[in-house]
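Handing you a structure now.
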Amino acid sequence: MHDFHYRNGELYCEEVAVLDLAQRYGTPLYIYSHHTALDHFQKIQRAFRSIKPLICFSMKANSNLALCRALVKAGAGVDIVSMGELYKARLCGASSRKIVFASVGKTAQEIEAAVRAGIKSFDVESIPELELIDRICRKMRRRQAVSIRLNPDVKADTHRFIATGTAQNKFGIDECSASKIFAEADRYSGVILSGLHVHIGSQI
């Protein structure tokens, strides 16, 4: 549920009339419900409380600083895809140990900056990317946790332009290659293989 509702034909966000906000701040205007954002986050927290997970908000979904600060203050981590988002996550008060770096095509500069900042983990999209992170970490004399993005070859019931988890898609590492990476973990002394990342489609 959300906290946008009508009273006598007038739209409200929580207890505030949207028309009053539009008249005060002008339009176009983005309005977010603090209570709704926290309520959805807390529902996920409660659903998975038995395993005490770190639940990360994907900043690319909405990088509004006030919204991100509210979620971080409530205990959320942050999922980032760029150096700019790393900067904004820190600006929002996110602990480095609660930041995970996703995205395809990470540059050496981005990887080095994120390692130096002490982020929790990278989601690794390919073997060349894993080798690059490993090389940078060894050069920096650091060890960095990474999760391998597995392409599960699962066809999701969604539009073909936003499907990400089939063998035909460019995203992630196939099962055979992923198994080999874990079997040869000793080759990558600069990283700690800490988990799997699986994603079958945008908005799913």
Side-chain angles (χ1 to χ4, degrees), residues 1-49 51-107 109-123 125 147 156-164 171 197 199-204:
M1 299 296 291
H2 59 78
D3 291 273
F4 288 85
H5 52 272
Y6 284 92
R7 291 182 187 170
N8 301 319
E10 186 173 356
L11 181 62
Y12 277 72
C13 174
E14 299 182 18
E15 299 301 314
V16 182
V18 168
L19 180 60
D20 290 347
L21 294 173
Q23 289 174 338
R24 179 175 179 180
Y25 297 106
T27 59
L29 175 66
Y30 291 95
I31 302 168
Y32 305 103
S33 165
H34 180 272
H35 181 265
T36 298
L38 292 190
D39 182 56
H40 284 278
F41 171 67
Q42 288 160 356
K43 282 175 181 172
I44 298 170
Q45 275 187 320
R46 288 193 296 273
F48 292 95
R49 64 181 175 271
I51 58 173
K52 299 178 182 177
L54 172 62
I55 300 164
C56 294
F57 176 71
S58 179
M59 189 171 272
K60 69 181 177 183
N62 189 329
S63 61
N64 178 282
L65 292 180
L67 175 64
C68 293
R69 279 195 190 101
L71 289 167
V72 165
K73 189 175 180 181
V78 184
D79 178 294
I80 65 169
V81 297
S82 67
M83 283 178 66
E85 288 189 0
L86 174 60
Y87 172 77
K88 291 180 83 170
R90 300 299 301 276
L91 202 61
C92 290
S95 162
S96 294
R97 302 308 302 163
K98 288 188 174 184
I99 296 174
V100 295
F101 200 137
S103 87
V104 296
K106 302 176 190 71
T107 67
Q109 184 183 13
E110 287 175 325
I111 292 166
E112 184 174 339
V115 171
R116 202 174 297 283
I119 68 163
K120 180 177 180 62
S121 181
F122 286 100
D123 292 335
E125 295 277 345
S147 291
D157 184 18
T158 188
H159 193 283
R160 62 189 178 90
F161 288 168
I162 57 173
T164 62
F171 303 105
H197 173 92
H199 182 50
I200 61 173
S202 296
Q203 303 170 356
I204 296 177

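Starting from 1, each residue takes its place in the sequence as its number. The figures that follow rest on heavy atoms only: side chains count, while hydrogens, waters and symmetry mates do not.
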Problem - Sub-4.5 Å side-chain heavy-atom contact between Met83 and Glu112 - result: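 Result no, sub-4.5 Å side-chain heavy-atom pair not found.
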
Practice task
Quick one: which residue pairs count as a salt bridge (charged side-chain N to carboxylate O under 4.0 Å, His left out) with a foot in residues 66-90, not counting sequence neighbours?
Solution key: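 Output for this query is empty, none listed.
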
Problem - Arg7 versus Glu15, closest heavy-atom pair with distance - result: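 Closest approach of Arg7 to Glu15, heavy atoms only: NH2-OE1, 2.5 Å.
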
Problem - Side-chain donor or acceptor of His5 paired with backbone N/O of Leu11 under 3.5 Å - result: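 Absent.
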
Problem - Other residues, nucleotides, ligands: >12 heavy atoms within 6.0 Å of Arg49 CZ - result: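 It does not: Arg49 CZ has 12 such atoms or fewer within range.
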
Handout entry: Straight-line distance of Ser103 OG to Glu110 CD, nearest 0.5 Å
Key =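 Reported to 0.5 Å precision, the distance equals 6.0 Å.
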
Problem - Minimal non-hydrogen separation, Val18 against Cys13, with atom names - result: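 Heavy atoms of Val18 and Cys13 come nearest at CG2-N, 4.0 Å.
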
Practice task
To the nearest 0.5 Å, tell me how far Ile99 CD1 sits from Cys92 SG.
Solution key: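 Answer for the CD1-SG pair, Ile99 versus Cys92, is 9.5 Å.
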
Handout entry: Val100 side chain reached by Ile80 side chain, heavy atoms, under 4.5 Å
Key =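 Contact flag for Ile80/Val100 side chains = no.
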
Problem - Separation between CD1 of Ile44 and CD1 of Ile55, rounded to the nearest 0.5 Å - result: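 Rounded to the nearest 0.5 Å, the CD1-CD1 separation comes to 6.0 Å.
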
Practice task
Looking only at non-hydrogen atoms, find the nearest pair between Tyr12 and Ala17 and report the distance.
Solution key: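 What the structure gives for the nearest pair is CD2-N, 3.5 Å.
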
Exercise for the section: Any chance you could measure Leu86, atom CG, to Leu91, atom CG, to the nearest 0.5 Å? Expected result: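 Here the rounded value is 11.0 Å.
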
Handout entry: Heavy atoms from other residues, nucleotides or ligands near CZ of Phe48 exceed 12 (cutoff 6.0 Å)
Key =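 No, the 6.0 Å shell around CZ holds no more than 12 heavy atoms from other groups.
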
N/O donor to acceptor pairs below 3.5 angstrom from side-chain atoms of residues 19-31, sequence neighbours left out:
none

Handout entry: Residues which pass ring-ring contact (aromatic ring centres under 6.0 Å, His included) with Phe122, listed by chain and number, not counting sequence neighbours
Key =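 In terms of ring-ring contact (aromatic ring centres under 6.0 Å, His included), with neighbours along the sequence ignored, Phe122 is linked to Phe101.
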
Exercise for the section: Compare every heavy atom of Leu71 with every heavy atom of Ala37, then report the nearest pair and how far apart it is. Expected result: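 Smallest interatomic distance, heavy atoms only, reads O-CD2, 3.9 Å.
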
Problem - Donor-acceptor under 3.5 Å (Lys106 side chain, Asp123 main chain) - result: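 Such a contact is found between Lys106 side chain and Asp123 backbone.
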
Practice task
Calculate, to the nearest 0.5 Å, the distance between atoms NZ and CD1 belonging to Lys98 and Ile119 respectively.
Solution key: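 Rounded to the nearest 0.5 Å, the NZ-CD1 separation comes out at 15.5 Å.
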
Exercise for the section: Hey, could you give me the CG/CD distance between Leu54 and Gln45, rounded to the nearest 0.5 Å? Expected result: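 Between Leu54 CG and Gln45 CD, I get 10.0 Å after rounding to 0.5 Å.
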
Exercise for the section: Taking the side chain as every heavy atom from C-beta outward, state whether Asn62 and Phe57 have any pair of such atoms under 4.5 Å apart. Expected result: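 When only atoms from C-beta onward are counted, Phe57 and Asn62 do touch, with a gap below 4.5 Å.
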
Exercise for the section: Answer yes or no: is there a side-chain heavy-atom contact under 4.5 Å between Ser33 and His2? Expected result: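 No, too far: nothing below the 4.5 Å cut-off.
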
